[in-house]
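Have a look at the structure below, then the notes.
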There are 2 protein chains.
Amino acid sequence: MSRWPDRLRDMTTSSTRSTSGSSSRSGSYHHGDLRQALVSEAVRIIREEGEKSLSMRKLALNIGVSRTASYHYFADKQALLCAIAEEGFRRYNAMLSEVHQNGRRPPSAESMRDFVRGYVQFATEQTEYYDLMFGGHIWESGTSTDSLRKESHNSFRNYVSNVRSWKEQGLISDKVDALRFSQVSWSTLHGISRLIIDGIYADSAAIEPICENAAEMFWRELAP
Amino acid sequence: MSRWPDRLRDMTTSSTRSTSGSSSRSGSYHHGDLRQALVSEAVRIIREEGEKSLSMRKLALNIGVSRTASYHYFADKQALLCAIAEEGFRRYNAMLSEVHQNGRRPPSAESMRDFVRGYVQFATEQTEYYDLMFGGHIWESGTSTDSLRKESHNSFRNYVSNVRSWKEQGLISDKVDALRFSQVSWSTLHGISRLIIDGIYADSAAIEPICENAAEMFWRELAP
DNA sequence: TACGTATTTTGACAGTGTCAAGAATGGGTC
DNA sequence: GACCCATTCTTGACACTGTCAAAATACGTA
């Protein structure tokens with residue numbers, strides 16, 4: 001006679017379980033892949049109900065484990081959020097290398113436009129990740145995970161070294177300061193994204209021309 | 001024999017009381033200027049201990065009133081934060097009109113640099129306000145106060161109409177789209193500020209050259 | 001002095017993150 | 001197969017949080 005028959009019965013039919021896929025043995029005391037299930041469900045909650053609505057207790061309840069089970073995989077809530085942000089950086093890098101076609105595409109007015117569009121699209125469509133990646137909550141007071149810090153530094157370093165290599169190949173003006181340009185242009189992209197996400201640029205029809213304008217401005221800076 | 005002798009004694013010597021100034025009658029049941037005291041103390045807590053550390057209960061305790069007294073002036077915590085953001089917009093507008101010398105200063109490479117510096121300085125030094133003004137928490141899910149929304153719209157409209165009037169006076173290139181330029185440049189300013197605030201541009205020595213670069217980029221867009 | 005209104009308090013409820021201690025499980029060794 | 005132990009999960013508990021409803025207090029005014 002089990003001590004939690006209802007919960008177990010619920011678990012086998014829970015929609016949550018179907019997403020975790022591989023190694024989850026339904027009906028067992030051990031979940032099988034709790035760590036991944038936690039991250040997935042957390043992302044789902046943030047996307048569909050907002051970050052504020054994510055609590056460790058509700059998260060565990062939805063998955064079908066007890067409130068503190070998660071603490072075996074994440075030291076605290078912050079660590080969970082860091083793990084999600086890391087996943088975000090992985091997706092972000094994938095998006096970047098697709099837009100840049102792995103560096104095989106020379107910079108141009110068009111490539112700039114595609115890049116700006118891609119960035120803003122990623123930020124505004126995958127808000128669940130973007131908010132955590134550059135949201136501040138994670139970074140303030142230095143409570144972020146080591147691996148997350150490494151991942152994010154990598155991301156920006158790639159960005160700069162991209163510009164630098166363009167300059168060395170003579171594809172852009174040699175007057176450009178690669179580091180400064182990267183910082184300022186990234187700021188612009190980040191600013192556009194944040195203002196859209198936060199609903200301050202409410203008119204969604206304005207997004208496209210804003211991106212175009214930004215891309216033109218960037219290219220005016222870079223053009224040989 | 002009073003029912004809360006300790007609290008009353010504390011109140012008269014509390015450092016909090018001394019800041020409220022004018023109409024507070026110390027030692028009385030009625031606080032005198034509780035609304036203002038709440039805002040001031042809330043700002044203090046956010047600045048010195050971080051926004052996360054601000055709770056309605058602690059706030060009331062610090063001031064020396066009971067936990068729910070604040071709800072007579074603010075419908076909920078969100079409303080309190082909106083009030084602080086409004087105060088922030090007032091300070092922001094003051095800063096702007098000082099930098100622009102009330103519109104009497106024609107746009108130039110120097111004025112651009114001063115403007116960028118002023119903006120970033122305001123954002124990074126008065127983080128308590130800036131975070132709330134453009135922080136998202138307040139805007140998401142449309143729970144912001146009417147008066148706050150009005151104040152913020154005003155702020156941006158002023159910014160655009162400034163650029164527009166420059167254009168009409170022939171002080172900048174007539175190829176500039178005032179609205180688009182305003183949106184993109186504001187995004188850049190916001191992006192720089194956020195990335196500094198969030199500690200992602202950790203090197204504080206980089207701030208100055210970043211601002212300079214941004215200002216140059218802006219002026220290249222505007223120069224007649 | 002009495003009354004109504006503005007202001008503040010107490011009590012209560014449903015949440016939250018997280019620690020410490022214990023219980024169930026599964027894999028490896030004899 | 002029986003045993004043991006590390007891994008995984010649960011229960012209980014504590015100190016917090018925002019906020020509602022009802023009661024208490026003080027003040028201005030008639």
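Not measured: the values here are computed from a predicted model. Residue numbering restarts at 1 for every chain, and letters A, B, ... go by the order of the sequence lines.
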From dT18(C), dT19(D), dC9(D), nucleotide with atom closest to Arg57(A) side chain:
dT18(C)
Output yes when at least one side-chain N/O atom of His72(A) is less than 4.0 Å from OP1 or OP2 of dT8(D), else no.
yes
Starting from P on dG15(C), measure out to CE on Met56(B) and report it in whole angstrom.
20 Å
Distance check, rounded to the nearest 0.5 Å: Leu54(B) atom CG versus Leu80(B) atom CG?
7.0 Å
When the distance from CG of Leu59(A) to P of dG15(C) is rounded to whole Å, what number comes out?
16 Å
Could you check, using the six-membered ring where one of them is a Trp, whether Trp186(B) and Phe181(B) have ring centers closer than 6.0 angstrom?
no
Calculate the interatomic distance between Leu34(A) atom CG and dT25(C) atom C1'; express it in whole Å.
15 Å
Tell me the interatomic distance from Leu61(B), atom CG, to dT10(C), atom P, rounded to whole angstroms.
12 Å
Are Tyr159(A) and Tyr119(A) near enough that their ring centres are under 6.0 Å apart?
no
Nearest-Å distance, CG (Leu80(A)) to P (dG17(C))?
10 Å
Please find out if less than 6.0 Å separates the ring center of His153(A) from that of Phe89(A).
no
Expressed in angstrom and rounded to an integer, what is the separation of Lys77(A) atom NZ from dG15(C) atom P?
15 Å
Send over the distance from Glu49(B) CD to dC16(D) P, rounded to a whole Å.
14 Å
Please determine, for the side chain of Tyr71(B), which listed nucleotide (dT10(D), dT19(D), dT16(C)) has the closest atom?
dT19(D)
When you check the phosphate oxygens OP1 and OP2 of dT16(C), does a side-chain N or O of Ser55(A) lie under 4.0 Å from one of them?
yes
Mind checking Thr68(A) for me? I need base, sugar-phosphate or nothing, with any heavy atom below 4.0 Å counting as a touch.
base
Does a side-chain N or O from Tyr73(A) land closer than 4.0 Å to OP1 or OP2 of dC9(D), or not?
yes
Ring-ring centroid check Tyr92(A) Phe122(A), cutoff 6.0 Å
yes
Rounded distance (Å) that lies between atom C1' of dG17(C) and atom NZ of Lys52(B)
11 Å
